[in-house]
Number of protein chains: 2
Amino acid sequence: MITNALMLHCGLSWRPGFGLLFRRVSRLWSVYASALIGQIMNLKTLSEHLGLSQTTVSRALNGYPEVSEKTRQRVLESARKLNYSPNARAKGLATGKSMAIGHVIARSSRHEMVNPVFGDYTAGAGESYSAAGYDMLISLVDDDNEEQFYRAIKSKGNVDGLIVHGPKMEDTRIDLLSSLGLPFLSHGRASNVTRNYAWLDVNNCRAFQRATEFLLDLGHRRIALLNGLEFLDFAHRRRQGYIKALAGRGLEPEPALMRSDEMTEIYGYRETRAMLEADDPPTAVLCSSIISAIGVRRALSDAGLTMGRDVSVITYDDDLSYMSNGQEVPIFTATRSSVREAGRLSAQMLLDMIRNPGLPLPTHLMEADLIIGQSTGPAPNHT
Amino acid sequence: MITNALMLHCGLSWRPGFGLLFRRVSRLWSVYASALIGQIMNLKTLSEHLGLSQTTVSRALNGYPEVSEKTRQRVLESARKLNYSPNARAKGLATGKSMAIGHVIARSSRHEMVNPVFGDYTAGAGESYSAAGYDMLISLVDDDNEEQFYRAIKSKGNVDGLIVHGPKMEDTRIDLLSSLGLPFLSHGRASNVTRNYAWLDVNNCRAFQRATEFLLDLGHRRIALLNGLEFLDFAHRRRQGYIKALAGRGLEPEPALMRSDEMTEIYGYRETRAMLEADDPPTAVLCSSIISAIGVRRALSDAGLTMGRDVSVITYDDDLSYMSNGQEVPIFTATRSSVREAGRLSAQMLLDMIRNPGLPLPTHLMEADLIIGQSTGPAPNHT
DNA sequence: TTGAAAGCGCTAACAT
DNA sequence: ATGTTAGCGCTTTCAA
């Protein structure tokens, strides 16, 4: 019966000149509607309940100036009372915005998500988004059909912008996304990409240079570098910093001491063992990831070596919260709070880009914190 | 000019009887369209390009049977070649589905995201989603207006279902979501909720019972429990397990040894110091969180105590990858891979619910792994 | 086997 | 200050 009343109204409203009748029916209808909390609450229902047009209600709700204050209050109160909130898909379809930002994680580099740092970054970004009324959409992608995925995300249109994680030295995504016209910000830079793009990065080069210099100052001369895959930009920059520090003391980097692979635990273990068993083993290890560092520690332990006395270890991509224990394990680190801040800031930058499409693309370089503990000791005498 | 042609076609297509002309214009148009890769690719453009109706194209794309195989192939090939993928908002508006699942994180329990376990859970869930063509939408919510948020998420309609994280003993969200008719699965149970709901949980009670029994077997009698906030269901269950184990040996739980608060590092530090300074300090600590465990270790270190010799520590919510170091710190844990499996499974269960709304609500209880290392030693003699 | 047309819930240009 | 109307891009009856 209620349905009938509704249909009737719809039928009439298409024709002009029935304003009065329309009002009458509406009022009648509103009697039913009051008993209808929990019913489908959309703009139509709400406007019928109020005896106003959808347009006016929409305007009142979206803060347009041409609505009388009295009407606006009435509308706002009703909306609140009836728990109305606009259907995001319909709104998006009408406005062309989706009020969501996508974070794309490549599937092969699945460890990215498992990386403890990811949670903190995400938390930071989430804060910015929720403050601005945006949602955060996370997708895992198999990286063999990445290009297709980005094209799809553009035409699917369920995000207004994208954060790109883990850029490679020459990352094709940057050109692709630029040409697609989908606003994006890269978390990390891509050294071999010349075009302009928005990014936020940690100064990986400086970080590893300082860490290496610190070890050199302690007297270490054989410093191993356990790096990530060096086609990934951050890993490349870390090696640059390492080499730069050595060069500053007139030292040549030794290939046998530089390893590069996916940063798993077993990788850290395997490479450390191999280096320890070789002639002239390293007295210090500079490790690019907390995960691999666990392997490093296992290997040292297996070899009967004590960290900070026999071999110094500095780990990056790590944090006091995870590493510090009773022994005050030493750290060189992007702290959890700074990672969260990076997330917050990236999101903010991207939202700004979306809101002011005209402005030059923002970039930001963060310095990494340096925290040193007891496991980084002077080079042992036998060296 | 192209625009004109397009408008013309639109104008004509509203009237019947112009089929022939329509075809002609379409063919003409398709010549332009071939030069138009990169143009707005929507169903309309695509169908015009093919000289077919939107209906037929849609049917071909969505696998409806009443399309000729020849047509279907032509459509599919064109769609692929022109990088067409349907607009998610429009599709959603038309179908009433959004092909996205929401994960809601309460803001006050922000540490949930920062919890290293969160990343693994999310990674697992993400795998299930991407395999099924779903997106994952993460929102941070201030928990003072949570109810309003859930109502909004329902009528905004940008997710087809929800994963609820960190349920409380009596969690109002479960009743709310049930009554809203929004499919959801709770990661964890809510002991005081009697209605049926879908959940996946780790057997927290058994886990802590076993850990406590393990310490009791080593001769410990004064075992501290550093628990989370006990209105959170998992924390409550952990205490149950702890008490059950003590009761099994005829021991009364001692209030001074049972602490409960938000699981921060400083909390672990503060409470451990306090207990160590009291008369008759604990010889073992059972800690509910990796984060607080760091504080525990600091406190032990400050007091000049050695873990595994003077005081044993067992940490839950933790993992080999994070905790194990050169010293082989001991662990009692839901391992990272099992957490990821929990995420994968939860997501799968929720998707199944959505696809088969008729079936009884699924539930699943996982057992926690038990891994013990050297830092859990026998009770010292001075006890 | 194909097409026309209505409708999903909203916004915005255009009346009045 | 308020209302009418035409889309946004898709699915889905209904008709042919």
Side-chain angles (χ1 to χ4, degrees), chain A residues 7 10-20 22-23 26 40-48 50-72 74-75 79 84-99 155-158, chain B residues 7 10-20 22-23 26 40-48 50-72 74-75 79 84-99 155-158:
Chain A
M7 306 264 287
C10 290
L12 287 176
S13 70
W14 287 103
R15 314 200 194 142
F18 281 88
L20 205 68
F22 165 65
R23 281 273 150 70
S26 262
I40 315 125
M41 262 313 300
N42 54 23
L43 190 60
K44 190 175 174 189
T45 319
L46 180 61
S47 62
E48 279 159 357
L50 285 160
L52 288 166
S53 73
Q54 297 191 25
T55 313
T56 304
V57 176
S58 169
R59 280 199 276 243
L61 256 26
N62 292 306
Y64 284 74
E66 62 267 62
V67 201
S68 79
E69 206 40 48
K70 205 185 103 198
T71 307
R72 188 190 303 281
R74 215 160 60 88
V75 170
Y84 168 77
S85 44
N87 180 298
R89 291 188 300 260
K91 191 163 182 160
L93 189 55
T95 56
K97 322 200 139 296
S98 60
M99 299 303 278
S155 71
K156 285 204 305 177
N158 45 9
Chain B
M7 305 265 287
C10 289
L12 287 176
S13 69
W14 288 103
R15 312 200 195 144
F18 279 89
L20 205 68
F22 164 64
R23 281 272 152 70
S26 262
I40 315 128
M41 263 313 300
N42 53 25
L43 189 59
K44 190 175 174 186
T45 319
L46 180 61
S47 62
E48 280 159 357
L50 286 160
L52 288 167
S53 73
Q54 297 190 25
T55 314
T56 304
V57 176
S58 170
R59 281 199 274 242
L61 257 25
N62 291 306
Y64 283 75
E66 62 266 64
V67 200
S68 77
E69 207 39 48
K70 205 184 105 198
T71 308
R72 188 191 302 283
R74 215 160 59 87
V75 170
Y84 168 77
S85 43
N87 180 299
R89 290 188 300 261
K91 190 161 184 161
L93 190 55
T95 55
K97 325 201 136 294
S98 60
M99 299 302 279
S155 72
K156 285 205 304 178
N158 45 10

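In what follows, chains carry the letters A, B, and so on, assigned in the order in which the sequence lines appear, proteins first and then strands, with residues in each chain numbered from 1.
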Exercise for the section: Take the protein atom CG of A/Leu93 and the nucleotide atom P of D/dG9, then report the distance between them rounded to whole Å. Expected result: 7 Å
Exercise for the section: When you get a sec, tell me which of C/dT11, D/dC10, D/dT2 is the closest nucleotide to the side chain of A/Thr71? Expected result: D/dT2
Give each protein N/O atom lying under 3.5 Å from an N/O atom of nucleotides 12-16 of chain D, with the pair distance.
unit_1	atom_1	unit_2	atom_2	d
D/dT12	OP2	B/Tyr64	OH	2.7
D/dT12	O4	B/Thr55	OG1	3.2

Exercise for the section: Starting at atom NZ of B/Lys97, determine the distance to atom P of C/dC8, rounded to an integer number of angstrom. Expected result: 17 Å
Completion exercise
Value for CD1 (B/Ile40) from OG (A/Ser155), rounded to nearest 0.5 Å, stands at 12.0 Å
Handout entry: Atom of B/Ala60, atom of B/Arg72 and distance for their closest heavy-atom approach
Key = O-NH1, 3.0 Å
Practice task
Take the C1' atoms of the five end pairs on each side of the helix from C/dT1-D/dA16 to C/dT16-D/dA1, get both axes, and report the angle to 10 degrees.
Solution key: 40°
Exercise for the section: Enter the distance from B/Met99:CE to A/Asn158:CG here, rounded to the nearest 0.5 Å. Expected result: 11.0 Å
Handout entry: Gap between atom NZ of B/Lys156 and atom OG of A/Ser85 - 0.5 Å precision
Key = 7.5 Å
Practice task
Nearest whole angstrom, please: distance from the C1' of C/dC8 to the NZ of B/Lys91.
Solution key: 15 Å
Handout entry: B/Ser155 vs B/Val67, nearer the 5' end of DNA chain C by closest nucleotide
Key = B/Val67
Exercise for the section: Check the distance between C/dG3's P and B/Leu52's CG and give it to me in whole angstrom. Expected result: 5 Å
Practice task
Would you mind reading off the distance between B/Leu43 atom CG and C/dG7 atom P, rounded to a whole angstrom?
Solution key: 19 Å
Exercise for the section: Establish, with yes or no, whether the OP1 or OP2 oxygen of C/dT2 is under 4.0 angstrom from a side-chain nitrogen or oxygen of B/Thr56. Expected result: no
Handout entry: Residue-phosphate contact under 4.0 Å: B/Tyr84 side-chain N/O, D/dG9 OP1/OP2
Key = no
Exercise for the section: Send over the distance from B/Asn87 CG to D/dT11 P, rounded to a whole Å. Expected result: 10 Å
Completion exercise
Smallest heavy-atom separation, A/Met41 atom then A/Leu46 atom, equals CE-CB, 3.6 Å
Handout entry: Nearest-angstrom distance from the residue atom CG of A/Asn158 to C1' of D/dC8
Key = 16 Å
Handout entry: Nearest-neighbour nucleotide for the A/Asn62 side chain, C/dT11, D/dC10, C/dC10 considered
Key = C/dT11
Practice task
Would you mind reporting whether B/Asn42 and B/Asn87 have side-chain heavy atoms less than 4.5 Å apart?
Solution key: no
Exercise for the section: Starting from P on C/dA4, measure out to NZ on B/Lys44 and report it in whole angstrom. Expected result: 13 Å
Distance-only donor-acceptor hits, side chain of residues 61-68 of chain B, under 3.5 Å, sequence neighbours excluded:
unit_1	atom_1	unit_2	atom_2	d
B/Asn62	OD1	B/Lys91	NZ	3.4
B/Asn62	ND2	B/Ser58	O	3.0
B/Asn62	ND2	B/Ser58	OG	3.4
B/Ser68	OG	B/Thr71	N	3.2
B/Ser68	OG	B/Thr71	OG1	2.6

Completion exercise
d(A/Leu50 CG, A/Thr45 OG1) to nearest 0.5 Å is 11.0 Å
Completion exercise
Heavy atoms of A/Arg89 and B/Ser98 approach each other most closely as NH1-CB, 3.3 Å
